[in-house]
Protein chains: 2
Amino acid sequence: MSILPQHPLTIKDQADSLLRQFIGYNMKRAYHEIQAELTQAFKQIGLKIGSFAVLCAVLEYPGLKQSALAENLAIEQANLVQMLDDLEKKGLVKRERASGDRRAYALFITEKGKKLCLQAQQICSDLEADFLQDCSAQEIDSLITLLQKIEGRVKAKRI
Amino acid sequence: MSILPQHPLTIKDQADSLLRQFIGYNMKRAYHEIQAELTQAFKQIGLKIGSFAVLCAVLEYPGLKQSALAENLAIEQANLVQMLDDLEKKGLVKRERASGDRRAYALFITEKGKKLCLQAQQICSDLEADFLQDCSAQEIDSLITLLQKIEGRVKAKRI
DNA sequence: TATTGTTATACTCTATAACTATA
DNA sequence: TATAGTTATAGAGTATAACAATA
């Protein structure tokens, strides 16, 4: 295990210190780093971050329809189609005609897809555990709660 | 007989509950909402989020060089050039040859740029105050601290 | 040789409109 | 009329390589 020097983050010598007062900016910067790291890690198993989200949702909710999936993941139906085409071509998910509505597809994960998804979840967990290692369980919990709270507040404001 | 869920998901059901255990996913979702809202708000004053960051940095650090700016904002020099072209064309910043290094440009904000930047900061503050209104000052403070801590940890890991 | 700014390019992510077939 | 899935496309944001001028 690597023992990294743990120094308090000082931003006074950074040119973006003024920007650091904004939650959104800090969020963008933090996610930018996580995204880069996760994208790299997922390359080993040929998965993209967006496809991982799709896999997780289909694993947890078999039979989910595309429209419901897109809405739940906050992505456009149109963009989901291509992801599913790719996942289906790789044999990770399958579309089945939904009974009762011949327009809709019900989505299912394959055994291969399930395996890959669990593997990706492990990669994701390991990565997060690594950069959260000096955060308390309570800190992590309240961070997730706050992020969800903020997401909900902004969304509610728009509608 | 098809294996369909007994109760089809409604809008309020969350198909991504499994994903919600990941900090990165919550961060992406929260920022996605903030970004949409801020992009919309900035359209009134003809500014993009990226350009706003550049303006803020140049306002706070007059004479900053492009290379230093790009590094501090974690963006590529190549992409900064286009932003600066745009900001300069609008009369918001100006490039001046840096004394001592004829390759480099020193960046300065104009009066017009300063005015617009302060206006944008107000828009940003108002927007955040709105969706943070039921968060305590301590919650907000610890959120910022945690985001910066995470950003630093992931970055340190990569290097 | 290395660095600063630049150009060109490509790839991903995201957003929108329009189409089809069903409802 | 409205909805599910699809297609095509356009706009951002981001990343890389290569170049000229300068260090």
Side-chain angles (χ1 to χ4, degrees), chain A residues 24-25 27-29 31-40 42-43 46-54 63-88 93-107 158, chain B residues 4 8-11 24-25 28-29 31-40 42-43 46-54 63-88 93-107 158:
Chain A
Y25 183 70
M27 219 179 274
K28 181 178 188 170
R29 289 293 297 263
Y31 182 68
H32 184 255
E33 295 297 329
I34 294 175
Q35 183 185 38
E37 198 68 14
L38 193 57
T39 300
Q40 185 64 25
F42 275 178
K43 270 185 184 158
L47 208 56
K48 289 178 185 174
I49 294 180
S51 300
F52 171 59
V54 171
L64 197 62
K65 285 192 288 176
Q66 290 186 208
S67 53
L69 178 55
E71 182 165 11
N72 272 283
L73 296 182
I75 61 178
E76 298 302 316
Q77 276 193 34
N79 297 326
L80 177 58
V81 171
Q82 296 154 345
M83 288 191 220
L84 285 172
D85 287 348
D86 183 56
L87 288 172
E88 206 171 22
V93 300
K94 53 183 174 178
R95 290 169 164 109
E96 286 184 14
R97 278 293 174 194
S99 68
D101 189 340
R102 290 203 324 234
R103 295 171 302 179
Y105 284 111
L107 302 173
R158 191 196 336 275
Chain B
L4 288 173
L9 287 180
T10 67
I11 297 173
Y25 183 70
K28 181 179 188 170
R29 289 291 299 262
Y31 182 67
H32 185 254
E33 296 297 330
I34 294 175
Q35 183 186 39
E37 198 69 12
L38 193 56
T39 300
Q40 185 64 25
F42 275 178
K43 270 186 184 157
L47 209 56
K48 289 178 185 175
I49 294 180
S51 299
F52 170 59
V54 170
L64 197 62
K65 286 192 287 174
Q66 289 185 209
S67 54
L69 179 56
E71 182 165 11
N72 272 283
L73 296 182
I75 60 178
E76 299 301 317
Q77 276 193 35
N79 296 327
L80 178 57
V81 171
Q82 297 155 345
M83 288 191 220
L84 284 172
D85 287 348
D86 183 57
L87 288 172
E88 206 171 21
V93 300
K94 53 184 174 179
R95 289 169 165 109
E96 287 183 13
R97 278 293 173 194
S99 66
D101 189 339
R102 290 203 324 231
R103 294 171 302 179
Y105 284 111
L107 301 172
R158 188 191 344 271

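Model, not experiment: these values are computed from the prediction. In what follows, chains are A, B, ... by sequence order, proteins preceding strands, each numbered from 1.
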Is any side-chain heavy atom of A/Lys48 closer than 4.5 Å to a side-chain heavy atom of A/Asp86? no

DNA chain D nearest-nucleotide lookup for A/Lys28 and A/Val81: closer to the 5′ end is A/Val81

What is the separation between atom CZ on A/Arg97 and atom C1' on C/dT20, rounded to the nearest whole Å? 11 Å

By nearest-heavy-atom nucleotide on DNA chain C, the more 5' of B/Arg95 and B/His32 is B/Arg95

D/dA12 C1' sits how many Å from B/Leu38 CG, rounded? 15 Å

Give a yes/no answer on whether the side chain of A/Gln35 brings an N or O atom under 4.0 Å of OP1 or OP2 in C/dC13. no

Under 4.0 Å between any heavy atoms, over every strand shown, what does B/Glu76 touch: base, sugar-phosphate, or nothing? Just pick one. base

Side chains of A/Gln66 and A/Val54: closer than 4.5 Å at any heavy-atom pair? no

Tell me what B/Gln77 touches on the nucleic acid: a base, only sugar-phosphate, or nothing, going by heavy atoms under 4.0 Å. base

Under 4.0 Å between any heavy atoms, over every strand shown, what does B/Ala78 touch: base, sugar-phosphate, or nothing? Just pick one. base

Whole-Å distance, A/Phe42 CZ to C/dT12 P, equals 16 Å

Euclidean distance, atom CD1 of residue B/Ile49 to atom C1' of C/dT14 [Å, nearest integer]: 13 Å

Looking only at N and O atoms, is any donor in the side chain of B/Asn79 or the base of D/dA15 less than 3.5 Å from an acceptor on the other one? yes

Of the nucleotides C/dC13, D/dA23, D/dT6, which one has an atom closest to the side chain of A/Lys48? C/dC13

Is any side-chain heavy atom of A/Lys65 closer than 4.5 Å to a side-chain heavy atom of A/Tyr105? no

Spacing between B/Arg29 atom CZ and C/dT14 atom P, to the nearest angstrom: 11 Å

Nearest to side-chain heavy atoms of A/Asp101, which nucleotide of C/dT7, D/dA4, D/dT14: D/dA4

Beyond-backbone contact of B/Val93 with B/Leu107, side-chain heavy atoms, under 4.5 angstrom: no

Would one find a side-chain N or O of A/Gln82 under 4.0 angstrom from OP1 or OP2 of D/dA8? no

Here the distance between atom P of D/dA21 and atom NZ of B/Lys65, to the nearest Å, is 20 Å

Round to a whole Å and report the spacing from CZ of B/Arg102 to P of C/dA2. 22 Å

pair B/Leu73-A/Tyr25: side-chain heavy atoms closer than 4.5 Å: yes

Atom-to-atom span, CG of A/Leu80 to P of C/dT12 - whole angstrom: 18 Å

Quick check on C/dT3: is either OP1 or OP2 less than 4.0 Å from any side-chain nitrogen or oxygen of B/Ser67? no

When only distance counts, do a donor and an acceptor, one from the side chain of B/Arg103 and one from the base of C/dT3, lie under 3.5 Å apart? yes

